Structures are given as structure tokens and as C-alpha cells.
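Remember, it's a predicted structure, so these values are computed and weren't measured experimentally. Naming convention: chains lettered A, B, ... in sequence-line order (proteins, then strands); numbering from 1 in each chain. Below, all heavy atoms of this structure are taken into account, side chains as well, without hydrogens, waters or symmetry copies.
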Amino acid sequence: MKHKKLNQNFFARPTLQVARELLGKFLVRKIGQRQIAAMITETEAYRGPNDLASHASHGPAWPAGRRTPRTEVMFGPPGHAYIYLIYGMYHCLNIATEKEGYPAAVLIRGASLFPKTYNLTPTLNGPGKLCRFLKIDKMLNGDNLTISPRLWLEDRGNKIRPNQIKRTKRIGVDYAGPYKDKLWRFMIK
DNA sequence: CGCGGGATTGACT
DNA sequence: GTCAATCCCGCGT
């Protein structure tokens with residue numbers, strides 16, 4: 001099976017489409033000589049300056065969005081890593097999408113490790129656990145994942161059919177008003 | 001400069 | 001189901 005690295009064109013598209021198509025793709029992390037590959041099984045889209053669930057939103061009164069040092073990567077070019085610390089102890093990995101200047105990203109919420117060795121293989125179900133296992137932290141914030149030697153994404157040729165995908169509301173965004181019920185979470189059934 | 005809160009997780013009742 | 005750990009960020013003063 002081919003291992004094709006995802007390029008900037010992949011991420012420079014509508015965020016919901018990128019979130020859906022990232023399912024089944026492989027997240028690859030290189031630490032020293034060691035390389036870990038995990039198949040993405042769950043994602044969420046955070047899209048645009050009006051998405052009240054997004055760090056980059058500031059409500060209708062700030063049409064351009066909340067552009068701060070933290071959210072800068074979301075406004076930047078597609079394919080770059082937006083990594084932030086949550087609750088003082090967990091990191092979350094996102095990948096910036098759409099065109100530069102438009103704040104959007106896909107949160108990687110879950111993945112399966114390959115190869116699975118017996119039942120010792122931990123389940124990376126949850127963005128915090130995923131980052132902890134793959135040693136993803138703010139050192140990698142802002143990295144261009146289409147050229148980074150430390151973290152990138154691959155298409156390994158496996159296809160996820162639409163009827164294998166479940167679509168739900170996003171997790172933990174009850175504060176987001178009308179945006180809390182958007183079906184912007186995608187997972188492999 | 002102080003304060004409130006979080007795109008989570010795991011332990012516990 | 002409830003709750004706390006733990007610290008950075010954004011904003012108001």
C-alpha cells in the first residue's frame with residue numbers, strides 16, 4: 001500500500017470536508033529513531049470567526065474573529081499544527097484548514113495504533129490521551145505538518161465509506177450557543 | 001496584575 | 001452521575 005504524505009492542498013479545503021476525509025488517514029510521529037503511526041478515527045471541525053465553540057470566535061460583534069497569540073495558527077496557512085494546553089494538563093492537536101486569514105482547524109480526537117500488538121496497545125480515544133501518548137505538546141505548535149520531520153499525515157490507501165462514518169454534535173462545547181448543536185464531529189463507527 | 005474559565009480525563013459516590 | 005487537578009490565556013482593572 002502506498003504511503004502518500006498529505007500536502008497543503010488537502011488542508012486548504014472546506015473544514016468539514018477535511019475533518020471527514022481525515023478519518024482513516026494516518027498520523028505519524030517521529031521521536032528520535034522511533035516512529036509511531038496511528039489511524040485517525042475521530043475528528044471535530046472548528047470553522048470560522050462565527051463558530052462560538054472555536055477559540056478564534058468572538059461573536060458577531062467581532063466579524064474578523066479573535067486573533068490572539070494563541071489562535072494565530074488557526075488564522076495562518078493550512079496544514080500547520082495548532083496545539084494548546086487545556087485544563088492545565090492536557091494538550092490538544094488541531095490542523096489548520098482553509099485559506100490563510102480564515103480561522104479554522106480540525107481537532108484530532110481519536111486514533112488507533114498500528115500494528116496492534118495483543119492487547120497491550122493503548123486506545124487513543126480522546127485528544128488529551130492521544131497527545132500524551134504521541135508526545136505532542138507546544139514544542140510542535142505552529143509546525144508545518146506537510147514538511148515537518150517530527151509529525152505528519154499520510155494516506156495509506158485505505159478507504160472509509162460514507163456508511164462507516166458517524167456524525168454527531170461536538171464534545172464539551174455547551175457554551176457555544178447555537179453552534180453547540182452543529183454536527184461537526186466525525187467518527188469511524 | 002488579578003481573576004475566571006477551559007475543544008479533558010480519571011477517580012470516586 | 002459528580003468533582004477536582006492544574007496552568008495558560010484573554011480580558012478587565
Side-chain angles (χ1 to χ4, degrees), chain A residues 11 13-23 25 27 29 36 38-76 78-98 102-113 119-143 145 151 153 165-188:
Chain A
F11 299 104
R13 299 179 297 154
T15 307
L16 296 186
Q17 189 179 351
V18 175
R20 206 163 42 230
E21 291 189 22
L22 275 174
L23 294 178
K25 300 297 190 294
L27 181 66
R29 173 78 167 111
I36 306 172
M39 191 188 77
I40 295 170
T41 57
E42 181 182 342
T43 61
E44 276 178 2
Y46 289 84
R47 200 203 65 177
N50 297 319
D51 177 3
L52 294 175
S54 170
H55 295 160
S57 81
H58 208 306
W62 286 263
R66 181 192 297 184
R67 190 168 188 156
T68 69
R70 179 170 72 144
T71 64
E72 181 60 29
V73 183
M74 287 186 78
F75 288 82
H80 290 230
Y82 169 45
I83 299 163
Y84 62 89
L85 181 67
I86 187 68
Y87 296 108
M89 58 187 100
Y90 298 104
H91 293 272
C92 291
L93 168 67
N94 304 251
I95 306 162
T97 57
E98 311 219 18
Y102 184 81
V106 173
L107 170 66
I108 308 300
R109 286 193 58 92
S112 292
L113 291 166
N119 57 1
L120 311 171
T121 312
T123 308
L124 305 185
N125 58 337
K129 284 189 276 187
L130 186 148
C131 284
R132 188 179 55 191
F133 184 84
L134 296 176
K135 302 198 189 315
I136 293 169
D137 60 24
K138 291 185 71 179
M139 294 287 296
L140 296 166
N141 187 45
D143 268 22
L145 302 187
L151 184 65
L153 293 110
I165 298 175
K166 184 179 177 184
R167 188 173 173 171
T168 76
K169 297 176 185 177
R170 293 174 292 181
I171 301 297
V173 295
D174 286 346
Y175 55 82
Y179 283 82
K180 75 180 172 64
D181 295 325
K182 299 285 187 187
L183 301 177
W184 289 357
R185 177 181 183 223
F186 301 90
M187 48 203 305
I188 297 177

*asked:* For a quick check of understanding: with a heavy-atom distance under 4.0 Å over all strands, which category does A/Lys138 fall into, base, sugar-phosphate or nothing?
replied: sugar-phosphate

*Please collect all side chain to side chain donor-acceptor pair (under 3.5 Å) contacts where either partner lies in residues 125-135 of chain A, sequence neighbours excluded, each pair once.*
A/Asn125-A/Lys129

*asked:* If I take atom CZ in residue A/Arg109 and atom C1' in nucleotide B/dT9, what distance separates them, rounded to the nearest angstrom?
replied: 11 Å

_With a 4.0 Å cut-off on N to O distance, would you call A/Glu72 and A/Arg67 a salt bridge?_
yes

*Mind calculating the distance between CZ (A/Arg47) and C1' (B/dA7) to the nearest angstrom?*
17 Å

*Base, sugar-phosphate, or nothing for A/Arg67, non-hydrogen atoms under 4.0 angstrom?*
nothing

*State whether A/His55 places a side-chain N or O below 4.0 Å from either non-bridging phosphate oxygen (OP1 or OP2) of B/dG6.*
no

*asked:* Please pick, from B/dT8, B/dA7, B/dG10, the nucleotide with the shortest atom-to-atom distance to any side-chain atom of A/Tyr87.
replied: B/dT8

*Out of B/dT8, C/dG10, B/dA7, which nucleotide sits closest to the side chain of A/Tyr90?*
B/dT8

*Between P of B/dA7 and CE of A/Met74, the distance in whole Å*: 11 Å

_Residue A/Tyr84, side-chain heavy atoms: nucleotide from C/dC11, B/dA7, B/dT9 that is nearest_ = B/dA7

*Of the nucleotides C/dT6, C/dG10, B/dA7, which one has an atom closest to the side chain of A/Met89?*
C/dT6

*Establish, with yes or no, whether the OP1 or OP2 oxygen of B/dT8 is under 4.0 angstrom from a side-chain nitrogen or oxygen of A/His91.*
no

*Give the nucleotide from the list B/dG10, B/dA7, C/dC11 with an atom nearest to the side chain of A/Arg132.*
B/dG10

*asked:* If I take atom CD1 in residue A/Ile171 and atom P in nucleotide B/dT9, what distance separates them, rounded to the nearest angstrom?
replied: 10 Å

*In Watson-Crick or G-U wobble terms, both distances under 3.5 Å, what is the partner of B/dG2?*
C/dC11

_Separation of atom CG in A/Leu93 from atom P in B/dT8, rounded to whole Å_ = 14 Å

*Is the phosphate of B/dA7, meaning OP1 or OP2, less than 4.0 Å from a side-chain N or O of A/Arg185?*
no

_Nucleotide nearest A/Leu85 (side chain, heavy atoms from C-beta), chosen from B/dG10, C/dT6, C/dC8_ = C/dC8

*Give the rounded distance in Å between these two atoms: CZ of A/Arg66 and C1' of B/dG6.*
11 Å

*For A/Tyr82 and B/dG6, give me the distance from atom OH to atom C1', rounded to whole Å.*
11 Å

*Check every atom of C/dC11, C/dT6, B/dA7 against the side chain of A/Ile86 and return the nucleotide holding the closest atom.*
B/dA7

*Could you check whether A/Gly128 gets within reach of a base, just the sugar-phosphate, or nothing at all, counting any heavy atom under 4.0 Å?*
sugar-phosphate

*Using a cut-off of 4.0 Å on non-hydrogen atoms, how would the nucleic acid contact of A/Arg70 be classed: base, sugar-phosphate, or nothing?*
sugar-phosphate

*asked:* If I pick the C1' atom on C/dG1 and the same atom on B/dA7, what distance separates them, to the nearest angstrom?
replied: 22 Å

*side chain to side chain donor-acceptor pair (under 3.5 Å), paired with A/His55, selected from A/Tyr82, A/Tyr84, A/Tyr46*: A/Tyr82

*Atom CG of A/Leu93 and atom CD1 of A/Ile136: how far apart are they, to the nearest 0.5 Å?*
5.0 Å

_Test log, rule salt bridge (charged side-chain N to carboxylate O under 4.0 Å, His left out), inputs A/Glu44 and A/Arg109_ = CA-CA 7 Å; A/Glu44 276 178 2; A/Arg109 286 193 58 92; 3.8 Å; yes

*Would you give the length of the straight line joining atom CG of A/Leu16 to atom CH2 of A/Trp184, rounded to the nearest 0.5 angstrom?*
6.0 Å

*In whole angstrom, what separates A/Glu42's CD from B/dT8's P?*
10 Å

